[in-house]
Protein chains: 2
Amino acid sequence: MIKTEIDSHMNNFEEIKDNFILHWGEMGSLWGINRTMAQIHALLFISEKALSANEIMEELKTSRGNVSMALRELIAWGIVSRLHKKGERREYYTTEKDVWLLFRVIARERKKREVDPTIEVLRRSVAELNKIPSTESQYERAQLENLLEFVETGINVYEELEAQAPTSILKLLGQVLRLKNKVGR
Amino acid sequence: MIKTEIDSHMNNFEEIKDNFILHWGEMGSLWGINRTMAQIHALLFISEKALSANEIMEELKTSRGNVSMALRELIAWGIVSRLHKKGERREYYTTEKDVWLLFRVIARERKKREVDPTIEVLRRSVAELNKIPSTESQYERAQLENLLEFVETGINVYEELEAQAPTSILKLLGQVLRLKNKVGR
DNA sequence: TTTATCATTCAAAAGTTATTGAAAGAATTA
DNA sequence: TAATTCTTTCAATAACTTTTGAATGATAAA
């Protein structure tokens, strides 16, 4: 069956899947994650079975080397794991399928890479400022301290949140906040 | 006074300030914000007075054009505002100084640019899947729905959180979660 | 041992984003 | 009006990131 230009909406599973993976890759770029990594992750996430590097390569129409590099990085992030099927020579790859667990792994890694160094910079700056006599620098000192305090409080909340097991905690949280909003004003 | 190589720790205000701005720029890159934008923002954030494009340019040792572009972008984000001093010809620039308000502006903008399109992709994919008869695609459908639900719940919580005015809500939240953690197990 | 099948590496090419600096624009003063 | 001061734009270039594909490595089967 030949597809006309008018009949352009998606009508089969493979098409929808490819479309999702494609778009998820673009979202990845937006989020500061490289396109191939995001695509591979999307593919593994919706695939019931683990996939081999070859299958990934064909599915995404990208090079062997690229797949290999992206998988290495995803494994380093801890969100993809290698699967050794017995009797099989090739490796298979799979990802965490539970959304909450997945989120926790990603959030922890991003915190480690992005937030921790940020806090470190702030702490060092404040500490250095405290070493010098503060005649001129009052305002700047105060601003840095405010910023540091804010970030530390935020991290604190996140760490408590992370310690919670299920997704349901998020729903609960939404409810509590909604309530507080109503009562507060 | 000539500085020896051994005497390398920071000992005056300007040095600490420059160091902070420099590092904050690097942090910006980590966060997907361009270096110059992050540096300008850091500079304005700790400066008591509003600064002119010229002052920014000299402080950061970067080109006139670059400052102009970065300021335009920061203004578009809504985190820097132009200040017209009467009797003065040149424009001055300043940023929100309250950390919580600043956070809200940035978070809202990032949500608009990064999260909303992501949800859109998910919603469209799920909607398309629901149009086709589901014999094969059970697992994939379920995974997409889980993901969508998770993201929607998360956004929900964020929106409630945003509606809260002061920083103190964050502290409160930390406490509630801490409590729940202790009782829960 | 040789061959086959996969995975990994890495230099080069392609693609993307940031920065410069010269030119044009806009507003003000002389 | 022309000169001055500041801002904006944008094409060229620099810097950085991603992707390719050929070479190398590693492992298992013949």
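- Under 3.5 Å, the side chains of B:Tyr139 and A:Lys97 contain a donor-acceptor pair of N or O atoms.
- B:Glu55 is linked by a side-chain hydrogen bond (donor to acceptor under 3.5 Å, both in side chains) to B:Ser52, counting only residues two or more places apart in sequence or in another chain.
- For the pair B:Lys61 and A:Leu71, nearest-nucleotide mapping onto DNA chain C gives the more 5' position to A:Leu71.
- A:Arg72 is linked by a side-chain hydrogen bond (donor to acceptor under 3.5 Å, both in side chains) to nothing, counting only residues two or more places apart in sequence or in another chain.
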Would B:Asn12 and B:Glu15 satisfy side chain to side chain donor-acceptor pair (under 3.5 Å), going step by step from the backbone distance to the final call? CA-CA 5 Å; B:Asn12 73 64; B:Glu15 229 173 310; 3.0 Å; yes

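- DNA chain D is contacted by no residue of residues 20-28 of chain A, taking any non-hydrogen atom closer than 4.0 Å.
- Of the residues in residues 78-92 of chain A, A:Arg89 come within less than 4.0 Å of DNA chain D through at least one heavy atom, sorted by number.
- Under the salt bridge (Lys or Arg N to Asp or Glu O under 4.0 Å) criterion, A:Glu120 pairs with A:Arg124, not counting sequence neighbours.
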Going 5' to 3' along nucleotides 9-19 of chain D, which nucleotides have protein heavy atoms under 4.0 Å from the base (write B), which only from the sugar-phosphate (write S), and which from neither (write -)? BB-------SS

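- With sequence neighbours left out, the ring pair (Phe, Tyr, Trp, His ring centres under 6.0 Å) criterion links B:Phe45 to no other residue.
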Could you pull out every donor-acceptor pair under 3.5 Å between side chains of residues 73-90 of chain B and any protein atom, sequence neighbours left out?
unit_1	atom_1	unit_2	atom_2	d
B:Arg82	NH1	B:Tyr93	OH	3.3
B:His84	ND1	B:Glu91	OE1	3.1
B:Glu88	OE2	B:Tyr92	OH	3.4

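- Annotation: side-chain hydrogen bond (donor to acceptor under 3.5 Å, both in side chains) contacts of A:Glu140 (sequence neighbours excluded): none.
- How far CE of B:Met57 is from CG of B:Asn54: 5.5 Å, rounded to the nearest 0.5 Å.
- Taking the 5' to 3' direction, DNA chain C first and last meets chain B under 4.0 angstrom from a heavy atom at C:dA18 to C:dT28.
- Applying the side-chain hydrogen bond (donor to acceptor under 3.5 Å, both in side chains) test to B:Ser125 and every residue at least two apart in sequence or in another chain returns nothing.
- With sequence neighbours excluded, the residues that form a salt bridge (Lys or Arg N to Asp or Glu O under 4.0 Å) with B:Arg110 are B:Glu114.
- Atom-to-atom distance recorded for A:Met27:CE and A:Ile33:CD1 is 12.0 Å, nearest 0.5 angstrom.
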